[in-house]
2 protein chains.
Amino acid sequence: MTSFLKQHINKHISISDTELEEFCNLFQHEIIKKKSFLLRDGDVCRFEGFVTKGLFRVYHIDKNGAEQILYFAMENWWITDIDSFTNERPSQLFIEALEDSEVLLISKKDKEFAYTNLPAIEKLFRVMTQKTHVALQRRMIDNLSKTADQRYLDFIEKYPQLHQRLSNLQIAAYLGISHEFLSKIRNKIASKR
Amino acid sequence: MTSFLKQHINKHISISDTELEEFCNLFQHEIIKKKSFLLRDGDVCRFEGFVTKGLFRVYHIDKNGAEQILYFAMENWWITDIDSFTNERPSQLFIEALEDSEVLLISKKDKEFAYTNLPAIEKLFRVMTQKTHVALQRRMIDNLSKTADQRYLDFIEKYPQLHQRLSNLQIAAYLGISHEFLSKIRNKIASKR
DNA sequence: TTCATTTATTGAACTTGTTCAATTTTTTTA
DNA sequence: TAAAAAAATTGAACAAGTTCAATAAATGAA
């Protein structure tokens with residue numbers, strides 16, 4: 001059940017087998033049906049999750065009702081609202097399964113336990129947070145400097161597998177454009193070939 | 001010299017005085033004149049810095065020559081290119097002093113030393129990285145959902161002190177708009193009062 | 001298989017933001 | 001304190017992206 005998680009951790013840090021085993025035992029396996037929610041706006045996020053199957057989107061709904069997708073998470077990606085989880089405050093995000101999915105979840109209490117008793121784990125999460133932070137910085141710069149056409153091309157080049165599994169509605173919400181405009185971009189690109 | 005740094009650390013984690021002292025001794029004090037650079041595009045970022053005086057901007061220049069500001073750092077803020085520093089690869093960023101400034105710098109080697117020998121420090125940087133990550137997520141959502149007018153109003157409300165110390169050129173590069181357009185926004189806001 | 005729902009496409013009118021160029025204002029430096 | 005440099009403003013023409021509405025295509029559920 002936790003073999004993907006073990007592989008993933010071994011890729012990022014060095015850790016003894018017993019420590020790894022002990023850490024993975026803190027997770028609970030859950031099956032999440034397509035279109036159901038792991039987290040809703042207003043709830044406190046009580047978990048940090050590792051996706052073993054399927055695909056999720058983490059998004060915000062603004063006061064006009066428009067959705068902005070913060071990120072997607074497919075197999076071997078982590079999902080949580082780090083702000084809500086860490087500070088135990090109500091989330092402003094939704095986490096929804098876009099496909100029938102499976103996740104391994106750890107509670108805050110168990111994660112704190114790991115931090116104090118399994119020294120390698122503090123490092124794991126420092127490294128992971130750093131990586132996602134660097135990726136987000138990159139995305140921020142791209143959003144500030146690049147046109148929607150270019151951001152779309154970058155997206156399908158960077159995440160070819162993910163792109164195949166997403167509707168254009170989802171991709172548009174990630175890129176920060178209307179889906180109509182994305183459709184026009186796709187049309188323009190296709191006619192250039 | 002390191003008293004601001006000590007205060008800052010004590011605000012975020014609990015640490016013994018001897019550990020704190022030992023950690024702070026790893027830093028080197030530097031004076032950076034206005035308009036000079038701590039880091040340039042292409043260099044490997046060899047430091048992580050804590051600003052004790054002055055103001056910096058961390059920015060990217062895209063292939064059209066336009067500047068995008070990733071963040072500002074004034075007193076009690078950290079500055080580095082976390083990607084370049086961690087992975088020892090050439091940076092794509094510039095770090096420039098916008099005022100006569102002073103920083104405390106720690107090298108990668110000394111930071112690694114701290115990570116292995118001063119357990120509280122691993123936590124400090126995990127917490128700090130998490131905080132900046134949450135702030136960047138917030139900014140990403142705002143950039144995806146809000147109009148430039150609103151982002152400008154948010155900026156001056158969120159960072160009133162910083163706003164006073166920055167030119168509109170800098171603020172526009174942070175908001176991701178042209179400075180001419182920012183000028184028009186300011187005009188519109190002023191005439192509404 | 002069929003019907004209902006969701007997703008994608010297209011066009012027209014509109015809004016937001018850019019670019020370029022000229023001018024004024026402010027700040028810096030000699 | 002004058003001259004030079006940098007920052008801010010303004011207008012006009014343009015480009016990027018949105019909104020709304022109508023239609024077509026694809027997907028899902030019974």
Side-chain angles (χ1 to χ4, degrees), chain A residues 33-36 54-55 57 59 61-69 72 96-100 142-156 162-193, chain B residues 33-36 54-55 57 59 61-69 72 96-100 142-156 162-193:
Chain A
K33 273 254 172 89
K34 179 172 176 169
K35 291 193 184 175
S36 56
L55 175 59
R57 64 175 181 145
Y59 66 102
I61 298 186
D62 68 26
K63 56 176 194 280
N64 304 318
E67 296 177 359
Q68 296 86 40
I69 295 183
F72 299 104
E96 183 193 0
L98 292 174
E99 300 174 0
D100 290 340
D142 286 353
N143 265 273
L144 292 175
S145 62
K146 291 181 178 170
T147 173
D149 301 42
Q150 196 52 57
R151 267 149 47 214
Y152 176 64
L153 290 170
D154 288 358
F155 182 80
I156 58 183
L162 190 53
H163 161 246
Q164 311 251 18
R165 293 162 76 175
L166 292 170
S167 71
N168 291 331
L169 287 165
Q170 304 304 337
I171 297 175
Y174 180 86
L175 297 176
I177 59 177
S178 67
H179 69 278
E180 294 96 331
F181 190 55
L182 177 55
S183 178
K184 284 160 197 170
I185 289 173
R186 285 161 51 80
N187 189 312
K188 200 175 71 182
I189 291 169
S191 71
K192 270 191 187 160
R193 296 257 160 87
Chain B
K33 273 255 172 88
K34 180 172 175 167
K35 290 191 183 177
S36 55
L55 175 60
R57 65 174 179 144
Y59 66 102
I61 297 186
D62 68 27
K63 56 177 194 278
N64 303 319
E67 296 178 0
Q68 296 87 38
I69 294 183
F72 299 104
E96 182 193 1
L98 293 174
E99 299 174 0
D100 290 340
D142 286 354
N143 265 274
L144 292 175
S145 61
K146 291 181 179 172
T147 173
D149 300 43
Q150 196 53 57
R151 268 151 44 217
Y152 176 64
L153 289 171
D154 288 358
F155 182 80
I156 58 182
L162 190 55
H163 163 245
Q164 310 250 17
R165 291 161 76 173
L166 293 169
S167 71
N168 291 332
L169 288 164
Q170 305 304 338
I171 296 174
Y174 179 87
L175 297 176
I177 58 177
S178 67
H179 70 278
E180 295 95 331
F181 189 55
L182 177 55
S183 179
K184 285 160 197 170
I185 288 172
R186 286 162 50 79
N187 189 312
K188 199 175 74 182
I189 291 168
S191 69
K192 270 190 186 162
R193 296 259 158 87

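Comparing atom distances between the A:S183 side chain and each of D:dT9, C:dG17, C:dT10 picks out C:dT10 as nearest.
With salt bridges taken as basic N to acidic carboxylate O contacts below 4.0 Å, none links B:E99 and B:K34. Between B:R151 and B:D142 there is no salt bridge, since no side-chain nitrogen of the basic residue lies less than 4.0 Å from a carboxylate oxygen of the acidic one. In summary, A:D149 and A:K188 engage in a salt bridge, as defined by a charged side-chain N under 4.0 Å from a carboxylate O.
Rounded to whole Å, atom P of D:dA16 lies 13 Å from atom CD of A:Q150. Separating the CD1 atom of B:I177 from the P atom of C:dT19 is a distance of 12 Å, rounded to the nearest angstrom. Regarding A:E67, its CD atom lies at a distance of 13 Å from the P atom of C:dT6, rounded to whole Å. A:I185 places its CD1 atom 12 Å from the P atom of C:dT9, with the value rounded to the nearest Å. For B:L166 and D:dA6, the CG to P distance is 18 Å, given to the nearest whole Å. Atom pair A:E99:CD and D:dT27:C1' shows a separation of 14 Å (rounding to whole Å applied). The CD1-P distance, from B:I189 to D:dA8, rounds to 15 Å in whole Å. Going from atom CG of B:L169 over to atom P of D:dA7 covers 5 Å, rounded to whole Å.
Residue contacts shown for A:S167 are limited to sugar-phosphate atoms, with no base heavy atom under 4.0 Å away. Looking at heavy-atom distances under 4.0 Å, A:K146 makes no contact with the nucleic acid at all.
The base of D:dT19 is paired with the side chain of A:K184 by a donor and an acceptor separated by under 3.5 Å.
An OP1 or OP2 oxygen of C:dA8 is reached within less than 4.0 angstrom by no side-chain nitrogen or oxygen of A:N187. OP1 and OP2 of D:dA8 both lie 4.0 Å or more from every side-chain N or O belonging to B:R186. Contact annotation: B:N168 reaches the phosphate of D:dA8 (side-chain N/O to OP1 or OP2, under 4.0 Å).
Mapping B:Q170 and B:E180 onto DNA chain D by nearest heavy atom places B:Q170 closer to the 5' end of the strand. If you find the closest nucleotide of DNA chain C to B:L182 and to B:K34, the one lying nearer the 5' end belongs to B:L182.
Ring pair B:Y152/B:H163 is perpendicular by interplanar angle, where above 60° counts as perpendicular and below 30° as parallel.
With B:Q68 contributing its side chain and B:A66 its backbone, the two residues share a donor-acceptor pair below 3.5 Å.
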